[in-house]
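Just so it is clear, the model here is predicted, and its values are computed rather than measured. Atoms within each ligand, like the ligands themselves, are counted from 1 in listed order.
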Amino acid sequence: MSEFPVSPATRHWHSAAPLALELGQHLPGYTLGYRTWGQLSAAGDNAVIVCHALTGSADAAEWWEPLFGAGKAIDPQRDFIVCSNALGSCYGSTGPASPHPDGGHWGTRFPKLTIRDQVRAQMALADALGIRRIKLVIGGSMGGLQTLEWALLDPQRVESIAVIAASARHSAWCISWSEAQRLSLRADPKFRGGDYPREDAPHAGLGAARAIAMATYRSPASLDDRYGRANGASVFDVHAKLPDDFAVRGWMQHHAENFVRRFDANCYLALIDAMDQHDVGHGRGGVDAALSSIRQPALIVAISSDGLYPPAEQELLCESIPGAHFLEINSRHGHDGFLIDAAAMERSIAQFRGVAATPGHGARFINAAEVATYAG
Ligand SMILES: CC(=O)SCCNC(=O)CCNC(=O)[C@H](O)C(C)(C)COP(=O)(O)OP(=O)(O)OC[C@H]1O[C@@H](n2cnc3c(N)ncnc32)[C@H](O)[C@@H]1OP(=O)(O)O
Ligand SMILES: N[C@@H](CCO)C(=O)O
């Protein structure tokens, strides 16, 4: 069982069958922590799969609360909703922090994963739950990368996808930020090449990596609104003792300190490595060939201020996936807008699913043909 904060509602499914991994190794059985909401229909055809972001968990109804509920885009009265913790993470699923079959933890023995491996594990869980048709796969950020792979790996079962704040392949920009985080983590002498004792983990390095990531998840306007000099005294932390105790420093330190209590360093590396490997075109004749083979209705959502996966990357997805719809959320919060401003896309997702008439407030909803002329 995980020492990290797994909600009591999380259930655990164990596969005794090994998982052959894309990069050549295998897992000799694995566990996925997962949660469900609603009832699976007798025909097994009303599933919705929710895929979480890098540090998320199976608790989708909590971190994506604005999308969930009666009459909402994701409705437990209509849908059988499944969210599983990603393989490689530490909220109930097998990852580097999990026990190794031969004793101790997997740690540096954990094999290299890809986004496709994570999705294949989720597909096996869907099989075990008796799911025959999936009405929608939806996810943001890492969850969006998984959603694209779901469409390509399980085309017979997946009926539609909603891909949010994601890209066809990880950009050099994203990979460079991952590397800055790896360098910070590895610079902590307590990291010890990944073979750190559980009770003396590299918290300084992991916290620094999270602080770097937090800046990339927001936008200049978002941080300035909250902590900028125009806000006068609020530029300084409420607990400021020194003239340079800027509030934004306090915010970053707070996130760094919180994160090391809820995440494992090797799991973090496993997940960012998997994200950096992401390329839907790999082994499929290139990005355009892969995307143009997607036959399911697709909703591609961009966050207007996302500097990490900028809207141009979602426009590219939309241009290559036949008939895809492009939606831009007006959010000042950058990449994290898909969490912080989730309410702004709820009606549009409902409309895409055919359960609401209008796209709602705070979002533009345009057809693929219009993307070429879309000026932001
Ligand atoms: C088991 C799990 O937790 S995993 C499942 C949930 N987590 C996820 O899905 C991961 C993704 N989540 C996130 O990245 C974030 O939580 C978000 C994006 C959803 C929410 O972001 P926001 O609500 O905007 O929070 P924000 O980044 O402003 O941080 C607020 C925190 O910073 C603190 N803070 C803000 N300014 C300062 C400051 N100057 N000094 C110190 N602390 C500060 C606040 O007190 C608050 O603390 P709290 O979270 O302990 O209550
Ligand atoms: N803030 C989110 C988004 C990362 O893409 C997370 O930590 O999972």
Side-chain angles (χ1 to χ4, degrees), residues 2-10 33 35 50-68 83-86 88-93 115 139-147 163-167 170 174 177-178 181 206-207 209-219 221-228 231 233-241 244-264 267-268 271-272 274-276 278 303 305-309 313 331-343:
S2 171
E3 67 198 68
F4 296 99
V6 180
S7 71
T10 303
R35 288 187 63 178
V50 180
C51 303
H52 67 72
L54 174 62
T55 72
S57 65
D59 301 314
E62 279 136 49
W63 51 259
W64 243 356
E65 190 269 333
L67 303 188
F68 273 70
C83 181
S84 58
N85 182 226
S89 181
C90 50
Y91 295 135
S93 294
I115 298 292
S141 198
M142 186 178 84
L145 313 184
Q146 291 172 348
T147 300
V163 177
I164 303 159
S167 60
H170 235 213
C174 283
W177 285 113
S178 301
Q181 294 168 52
L206 182 61
R210 182 61 172 174
I212 293 168
M214 287 308 297
T216 72
Y217 296 155
R218 302 301 166 92
S219 70
S222 175
L223 293 185
D224 239 38
D225 285 351
R226 291 183 179 188
Y227 309 117
N231 295 330
S234 75
V235 74
F236 298 110
D237 189 72
V238 283
H239 308 297
K241 296 184 185 64
D244 65 347
D245 264 355
F246 298 114
V248 72
R249 291 180 61 190
W251 173 77
M252 286 193 118
Q253 287 163 16
H254 176 84
H255 276 284
E257 286 159 16
N258 261 6
F259 192 60
V260 300
R261 284 195 288 273
R262 74 173 182 90
F263 224 82
D264 172 70
C267 289
Y268 193 71
L271 296 182
I272 63 173
M275 291 176 78
D276 283 352
H278 169 70
I303 311 296
S305 55
D306 189 342
L308 193 58
Y309 298 79
E313 298 206 271
S331 169
R332 287 171 72 79
H333 293 298
H335 182 62
D336 265 348
F338 79 93
L339 294 165
I340 298 169
D341 285 328

Practice problem: Return the option from S141, G140, G250 holding the heavy atom at the smallest distance from atom 41 (C) of ligand 1. | Solution: G250
Quiz item: Looking only at heavy atoms, which two atoms of H333 and S331 are closest? And how far apart?
Solution: N-OG, 3.0 Å
Self-check item: C83 versus A58, closest heavy-atom pair with distance
Solution: O-CB, 3.3 Å
Quiz item: For ligand 1, which atoms have a heavy atom of A247 less than 4.0 angstrom away?
Solution: 38 (C), 39 (N)
Quiz item: Among side-chain atoms of H335 and T216, is any donor-acceptor pair under 3.5 angstrom?
Solution: no
Quiz item: Looking only at N/O atoms, are S57 and ligand 1 under 3.5 Å apart anywhere?
Solution: no
Quiz prompt | S141 versus A53, closest heavy-atom pair with distance | solution = CB-CB, 4.0 Å
Practice problem: With heavy atoms only and a cut-off of under 4.0 Å, state how T55 meets ligand 1: side chain, backbone, both or neither. | Solution: both
Quiz item: Out of E257, Q253, R218, whose heavy atom sits nearest atom 25 (O) of ligand 1?
Solution: R218
Exercise. Find all atoms of ligand 1 within a distance of less than 4.0 Å from any non-hydrogen atom belonging to D336, and give their numbers and elements.
Key: 14 (O), 18 (C)
Self-check item: Side-chain donor/acceptor of T147 to backbone N/O of G139, under 3.5 Å
Solution: yes
Quiz item: Does at least one non-hydrogen atom of R226 fall below 4.0 angstrom from an atom of ligand 1?
Solution: yes
Would you mind listing each N/O atom of ligand 2 next to any protein N/O under 3.5 Å, plus the distance?
| residue | atom | partner | partner atom | Å |
| --- | --- | --- | --- | --- |
| ligand 2 | 1 (N) | D336 | OD1 | 2.8 |
| ligand 2 | 5 (O) | S141 | OG | 2.6 |
| ligand 2 | 5 (O) | H335 | NE2 | 3.2 |
| ligand 2 | 7 (O) | T55 | OG1 | 2.7 |
| ligand 2 | 7 (O) | R210 | NH1 | 3.0 |
| ligand 2 | 7 (O) | R210 | NH2 | 3.1 |
| ligand 2 | 8 (O) | L54 | N | 3.4 |
| ligand 2 | 8 (O) | T55 | N | 2.9 |
| ligand 2 | 8 (O) | T55 | OG1 | 3.2 |

Quiz item: Is the closest N or O pair between I340 and ligand 1 shorter than 3.5 Å?
Solution: no
Quiz item: Any idea which heavy atoms bring Q146 and C51 closest together, and the distance?
Solution: OE1-CB, 3.2 Å
Quiz prompt | From W63, F4, W251 - option closest to atom 37 (C) of ligand 1 by heavy atom | solution = W251
Exercise. Run the numbers on F263 and R210 for side-chain contact (heavy atoms from CB on, under 4.5 Å), then give the verdict.
Key: CA-CA 10 Å; F263 224 82; R210 182 61 172 174; over 6 Å; no
Self-check item: Pick from H254, H255, E62: the one approaching atom 50 (O) of ligand 1 most closely through a non-hydrogen atom
Solution: H254
Exercise. Any chance you could lay out the side-chain contact (heavy atoms from CB on, under 4.5 Å) test for R35 and S7, step after step, and finish with the verdict?
Key: CA-CA 10 Å; R35 288 187 63 178; S7 71; 3.9 Å; yes
Quiz item: Hey, is the main chain of H52 close enough, under 3.5 Å, to the side chain of W64 for a donor-acceptor pair?
Solution: no
Practice problem: Could you tell me whether R210 approaches ligand 1 through its side chain, its backbone, both or neither, with non-hydrogen atoms closer than 4.0 Å? | Solution: side chain
Quiz item: Y227 heavy atoms, cut-off 4.0 Å: which ligand 1 atoms fall inside?
Solution: 35 (C), 36 (N)
Quiz item: Which bit of V248 gets closer than 4.0 Å to ligand 1, counting heavy atoms only: side chain, backbone, both or neither?
Solution: neither
Practice problem: Would you sort out whether D306 and E313 count as a side-chain contact (heavy atoms from CB on, under 4.5 Å), showing the intermediate values? | Solution: CA-CA 10 Å; D306 189 342; E313 298 206 271; over 6 Å; no
Quiz item: For the residue pair H255 and W251, does the interplanar ring angle fall in the parallel (under 30°), tilted (30 to 60°) or perpendicular (over 60°) class?
Solution: perpendicular
Exercise. Could you tell me which residues satisfy side-chain contact (heavy atoms from CB on, under 4.5 Å) with Q253, sequence neighbours excluded, listed by chain and number?
Key: R249, E257
Quiz item: Got a donor-acceptor contact below 3.5 angstrom from the S167 side chain to the Y309 backbone?
Solution: no
Quiz prompt | Where ligand 1 meets G56 - atom numbers and elements under 4.0 angstrom, heavy-atom basis | solution = 8 (C), 9 (O)
Quiz item: Just which atoms of ligand 1 are under 4.0 Å from any heavy atom in R262?
Solution: 3 (O), 4 (S), 10 (C)
Quiz item: Between H52 and ligand 1, which residue portion shows a heavy-atom distance shorter than 4.0 Å: side chain, backbone, both, or neither?
Solution: neither
Quiz prompt | By side-chain contact (heavy atoms from CB on, under 4.5 Å) - contacts of S57 (at least two apart) | solution = D59, W63, Y91
Quiz item: Who passes side-chain hydrogen bond (donor to acceptor under 3.5 Å, both in side chains) against R218, sequence neighbours left out?
Solution: D336
Self-check item: Those atoms of ligand 1 less than 4.0 Å from some heavy atom in P5
Solution: 1 (C)
Quiz item: Can you list the atoms of ligand 1 that are under 4.0 Å from a heavy atom of N258?
Solution: 50 (O)
